[in-house]
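Residues: numbered from 1 along the sequence shown.
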Amino acid sequence: MIDSILERHVNILRVSQSVSQEVLPIIDKSEGQVIESVLSQEYFSSYSGLIEKMDSFLESFHFKIVTLERQLSSLIQDALGEIRIKEGEFLKSKFPNLKHSDPSPGSGAFINGIHYSDWINSIFVPLRRDVVGAYRFGVTNNQDSKIILSRISGTREMSFKDSLFNKPRNQMVSLVKTLVIQTSNDERIRFYRNNANIFESIVWANPFPGSTNSGASNRTGDYYALPDLSPRGESPAWSGSSIHFNSRATQIPVFSGEGVSKAKLERWFGERDPVYQADVLGSKKYSLWRGGKLTRIKPFDLKNSMLPLDAL
């Protein structure tokens, strides 16, 4: 059972990479539209005064960011709904004779008690401030549009890594990955709790070694009783199905009277079949990993071995 659950979770990690990449063209398109607004003669017409220019830009920019946030929220809503369904199908195939329920619309939607729509808004609040500030400064000082654009979209010398859109772009990728993984974890935990007469507890596991843990967070080998998720032994209090953003950890159900070795969980990926390891990492990264030329963490970003959602 450990193998099947962790293999499933590895596929979820690969899917989370795939889904998270879908935000990039949406944000890129929005950035392009903002650039077009800056370049538009409407905003740089010599016949328009400072106030008119600012009002016109602010109205257009606000509409574009609101549209962007709605598109990202819709992408997440659709992806999480699909993950919930797919996870239910997996659990029914793995445990056909146990109690199953319909997916919960709230699974995975909250991180630290905050709904993903509010996380999206918080990501783009600084972008609104910075873009408007850059535009206002440029127009007030009668600067050329190219100078204003360099502040907003970055410079060629920096390969446009200094774009104001880069930080929210990376934050959105991290948010989507975390939501996908957490949704899968939430649905499985709900199933384990509904079958507490079969499963005695759950134990935290990370399919890959080298993860960072703090003393106050859940670590590989921490146990929690079902159905109340009360900690056992020296395990910290339960704080949710995901430890932090981009966490790769999950939970393994433990049958009554069964024990799961922490050492076994920590060694899990390293003891898998080489064909499976190469499939997960990709051939190039697998060769580097086996040759000791990558750190323990770098091989497991899975960017080169993503799975489409429907592959689940």
Side-chain angles (χ1 to χ4, degrees), residues 13-14 16-40 43-44 57-58 60-73 75-76 79 111 116 119-141 143-181 210-212 244-248 281-282 284-285 288-289 293-306:
L13 297 177
R14 297 168 71 181
S16 75
Q17 288 276 5
S18 177
V19 176
S20 70
Q21 297 305 298
E22 295 180 23
V23 310
L24 300 180
I26 297 175
I27 298 177
D28 290 345
K29 181 179 179 180
S30 179
E31 182 177 8
Q33 290 173 339
V34 172
I35 292 171
E36 290 176 3
S37 295
V38 175
L39 291 172
S40 170
Y43 306 124
F44 283 93
F57 178 79
L58 286 174
S60 174
F61 178 64
H62 174 73
F63 175 77
K64 289 176 174 59
I65 296 302
V66 168
T67 300
L68 171 63
E69 292 182 358
R70 287 175 178 171
Q71 290 175 331
L72 293 171
S73 183
L75 183 153
I76 291 172
I111 300 177
Y116 65 76
W119 279 108
I120 294 173
N121 181 258
S122 70
I123 287 172
F124 288 100
V125 165
L127 177 69
R128 292 171 184 264
R129 177 198 64 215
D130 294 343
V131 170
V132 170
Y135 184 82
R136 178 180 286 115
F137 182 86
V139 171
T140 303
N141 291 277
Q143 292 181 336
D144 185 81
S145 60
K146 292 182 180 179
I147 296 177
I148 298 176
L149 284 178
S150 68
R151 291 198 183 94
I152 295 174
S153 61
T155 59
R156 190 176 299 277
E157 293 75 20
M158 292 289 292
S159 300
F160 302 102
K161 293 180 180 178
D162 50 342
S163 167
L164 295 179
F165 282 79
N166 268 0
K167 184 174 181 179
R169 185 182 284 112
N170 294 333
Q171 289 175 322
M172 278 303 308
V173 168
S174 177
L175 176 64
V176 172
K177 286 168 58 178
T178 302
L179 287 168
V180 168
I181 295 167
S211 62
T212 55
H244 50 71
F245 275 82
N246 296 322
S247 171
R248 298 170 302 196
L281 299 182
K284 183 176 180 180
K285 190 168 288 186
L288 292 172
W289 176 63
K293 296 180 181 179
L294 291 176
T295 66
R296 296 178 70 194
I297 296 176
K298 285 182 179 179
F300 307 119
D301 59 19
L302 305 181
K303 290 180 180 178
N304 297 320
S305 62
M306 297 184 290

Determine yes or no for a side-chain-to-main-chain donor-acceptor pair under 3.5 angstrom, with Ser174 supplying the side chain and Gln171 the backbone.
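Side chain of Ser174 to backbone of Gln171: no pair is present.
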
Please answer whether the main-chain N or O of Phe165 pairs with a side-chain N or O of Ser163 as donor and acceptor at a distance below 3.5 Å.
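Side chain of Ser163 to backbone of Phe165, a donor-acceptor pair under 3.5 Å: yes, one is there.
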
Give the minimum heavy-atom separation between [X] and [Y], together with the two atoms involved.
| X | Y | result |
| --- | --- | --- |
| Ile148 | Ala134 | CG2-O, 4.1 Å |
| Ser16 | Lys177 | O-CG, 3.5 Å |
| Pro168 | Phe124 | CB-CE2, 3.9 Å |
| Arg14 | Ser305 | NE-O, 2.6 Å |
| Ser20 | Val23 | O-CG2, 3.1 Å |

To the closest 0.5 Å, what do you measure between [atom1] ([X]) and [atom2] ([Y])?
| X | Y | atom1 | atom2 | value |
| --- | --- | --- | --- | --- |
| Ile120 | Arg70 | CD1 | CZ | 12.5 Å |
| His62 | Thr67 | NE2 | OG1 | 9.0 Å |
| Glu69 | Ser30 | CD | OG | 9.5 Å |
| Glu36 | Leu149 | CD | CG | 11.0 Å |
| Phe137 | Gln143 | CZ | CD | 5.5 Å |
| Ile26 | Leu72 | CD1 | CG | 5.0 Å |

Can you check whether Leu179 reaches Val19 side chain to side chain, under 4.5 Å on heavy atoms?
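The answer is no, as the side chains (C-beta and beyond) never meet within the 4.5 Å cut-off.
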
Are Ile152 and Ile35 packed together at the side-chain level, in the sense that at least one heavy-atom pair is separated by less than 4.5 angstrom?
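Of all side-chain heavy-atom pairs linking Ile35 with Ile152, none is under 4.5 Å.
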
Ignoring hydrogens and geometry beyond distance, is a side-chain donor-acceptor pair present between Ser60 and Lys64 at under 3.5 Å?
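Their side chains do contain a donor-acceptor pair, which is all the 3.5 Å distance test asks for.
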
Parallel, tilted or perpendicular: which one describes the rings of Phe245 and Trp119, with boundaries at 30° and 60°?
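Phe245 and Trp119: perpendicular rings.
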
Under a 4.0 Å threshold between the charged nitrogen and the carboxylate oxygen, would Arg151 count as salt-bridged to Asp130?
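No.
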
Taking ring-ring contact (aromatic ring centres under 6.0 Å, His included) as the test, write out the residues that go with Tyr116, two or more places apart.
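ring-ring contact (aromatic ring centres under 6.0 Å, His included) list for Tyr116, sorted by chain: empty.
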
I'd like to know whether CZ of Phe63 has more than 12 heavy-atom contacts from other residues, nucleotides or ligands below 6.0 angstrom.
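No, not enclosed.
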
Using the rule given for side chain to side chain contact (heavy atoms under 4.5 Å, CB included), can you reason through Val38 versus Phe57, listing the C-alpha separation, both sets of side-chain angles and the distance that settles it, and then say yes or no?
CA-CA 8 Å; Val38 175; Phe57 178 79; 3.7 Å; yes

Test Ile181 against Arg248 for side chain to side chain contact (heavy atoms under 4.5 Å, CB included), laying out the working first.
CA-CA 8 Å; Ile181 295 167; Arg248 298 170 302 196; 5.6 Å; no

Hey, mind stepping through Met172 and Ile27 against side chain to side chain contact (heavy atoms under 4.5 Å, CB included) and telling me if it holds?
CA-CA 9 Å; Met172 278 303 308; Ile27 298 177; 4.0 Å; yes

